[in-house]
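Step one of this worksheet: look at the structure below.
Quick caveat, the model's predicted, so the values are computed rather than measured. The first residue in the sequence is number 1, and the count goes up from there. One-based numbering, in listed order, for ligands and for the atoms of each. Worth knowing before you read on, the calculation uses all heavy atoms, side chains too, and leaves out hydrogens, waters and symmetry mates.
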Amino acid sequence: MVSHSNPPITGTILIADDQPANRELLTELLSTQGFKVIPAADGSEALEQLGRVPTDLVVLDVMMPRMTGFEVCKEIKANPDTYLIPVILVTGLSDKENRIEGIRVGADDFLTRPVDRTELLARVTSLLKLKYRTDELERAESVLFTLARSIEGKDPYTHGHCERLAEYSAALAQHVGLAEDQITALRRAGVVHDVGKIAIPDAIILKPTSLSPDEWKLMQEHPVIGERICAPLKSFRSVLPIIRHHHEKLDGSGYPDRLKGEDIPMAARVLQIVDVYDALTTVRPYKPAFSITDALQTMKVEVGKGWWDPGIFEQFERFIRSGTADFLARGAAAGANDK
Ligand SMILES: [Fe+2]
């Protein structure tokens with residue numbers, strides 16, 4: 001936990017510069033302030049170090065052999081494991097074009113050489129404060145993810161379901177052209193969409209036979225409960241409609257709000273296609289795993305009944321048949337009573 005009342009801020013800072021003198025100067029300036037510094041002689045080495053050492057901030061020289069600072073920054077920001085690490089680019093001149101390119105590749109801040117000690121420390125401290133606030137948010141998210149996975153873990157038939165859903169609905173969302181924030185939301189929703197089942201008794205969730213009307217009524221509350229659990233997290237704002245509406249059907253026969261057609265958020269329609277497919281192609285207590293062909297055929301019938309989005313299904317079917325969906329059918333089954 002980061003103290004808000006007692007600076008100084010500390011952290012691990014990666015410095016990449018091919019000029020030893022520059023590297024040593026920055027290392028000296030930062031390590032005397034209590035920061036742990038990891039030096040790298042070029043961009044490739046910086047990326048290697050990033051994969052090995054937990055890093056809080058990266059300072060990159062722009063002009064380096066093998067990989068420029070721009071290229072390294074671009075890779076850092078494209079990688080889900082590192083994109084939240086702030087990056088400072090150090091340029092030789094106050095060069096407008098370099099700065100514009102830096103902004104394009106996602107740099108968080110800039111320093112001009114010769115580096116001014118006070119400016120360096122001010123920028124580093126400010127970015128680290130922001131980083132630690134983001135880390136706290138990440139921890140809250142990870143508690144939610146752990147909770148969601150522990151619910152999944154109670155059911156031996158759902159092993160890996162959340163991960164498959166997260167991975168594949170994000171891929172499908174990309175395929176159908178959803179915006180980046182919706183793709184991120186789907187990745188999260190894939191994991192937490194059934195977190196509301198925490199409030200449903202195990203006897204209902206694990207029941208191998210059909211649910212009674214009362215049990216079914218209770219089961220249908222899980223999307224609303226899940227939405228309530230995730231609501232306090234601001235970063236989950238785009239995830240909430242997916243959680244709430246992942247059991248709606250196009251003809252209005254789903255739950256909890258009996259939404260119809262395009263009133264069901266597009267991202268929720270994407271998630272449910274993958275959810276249904278994963279349920280069909282994996283083992284359940286009352287049925288074996290369907291083959292890909294049988295699963296798609298069953299879904300086609302359900303599209304005909306007015307349950308699932310025909311346009312998304314069509315793209316999904318093409319996607320599956322392209323042979324890139326093998327991992328979806330891998331592993332165990334989806335939730336027995338999650339219909
Ligand atoms: Fe569900």
Short N/O/S contact of Asp194 with the Fe ion (ligand 1) (below 2.8 Å)
yes
To the nearest 10°, what's the angle at the Fe ion (ligand 1) between atoms NE2 (His222) and NE2 (His247)?
90°
For residues 27-43, which residue pairs qualify under side chain to side chain donor-acceptor pair (under 3.5 Å), counting only residues two or more places apart or in two chains?
Asp42-Arg66
Side chains of residues 258-269: which donor-acceptor partners sit under 3.5 Å, not counting sequence neighbours?
{"residue": "Arg269", "atom": "NE", "partner": "Ile264", "partner atom": "O", "Å": "2.9"}
{"residue": "Arg269", "atom": "NH1", "partner": "Asp309", "partner atom": "OD2", "Å": "2.6"}
{"residue": "Arg269", "atom": "NH2", "partner": "Ile264", "partner atom": "O", "Å": "3.1"}

With Glu141 as reference, evaluate Lys234, Arg188, Arg187 under the salt bridge (charged side-chain N to carboxylate O under 4.0 Å, His left out) test and give the passing residue.
Arg188
Tell me whether His193 has at least one N, O or S atom under 2.8 Å from the Fe ion (ligand 1).
no
Between Arg133 and Glu136, is the salt bridge (charged side-chain N to carboxylate O under 4.0 Å, His left out) condition met? List the steps.
CA-CA 5 Å; Arg133 254 181 256 142; Glu136 281 181 18; over 6 Å; no
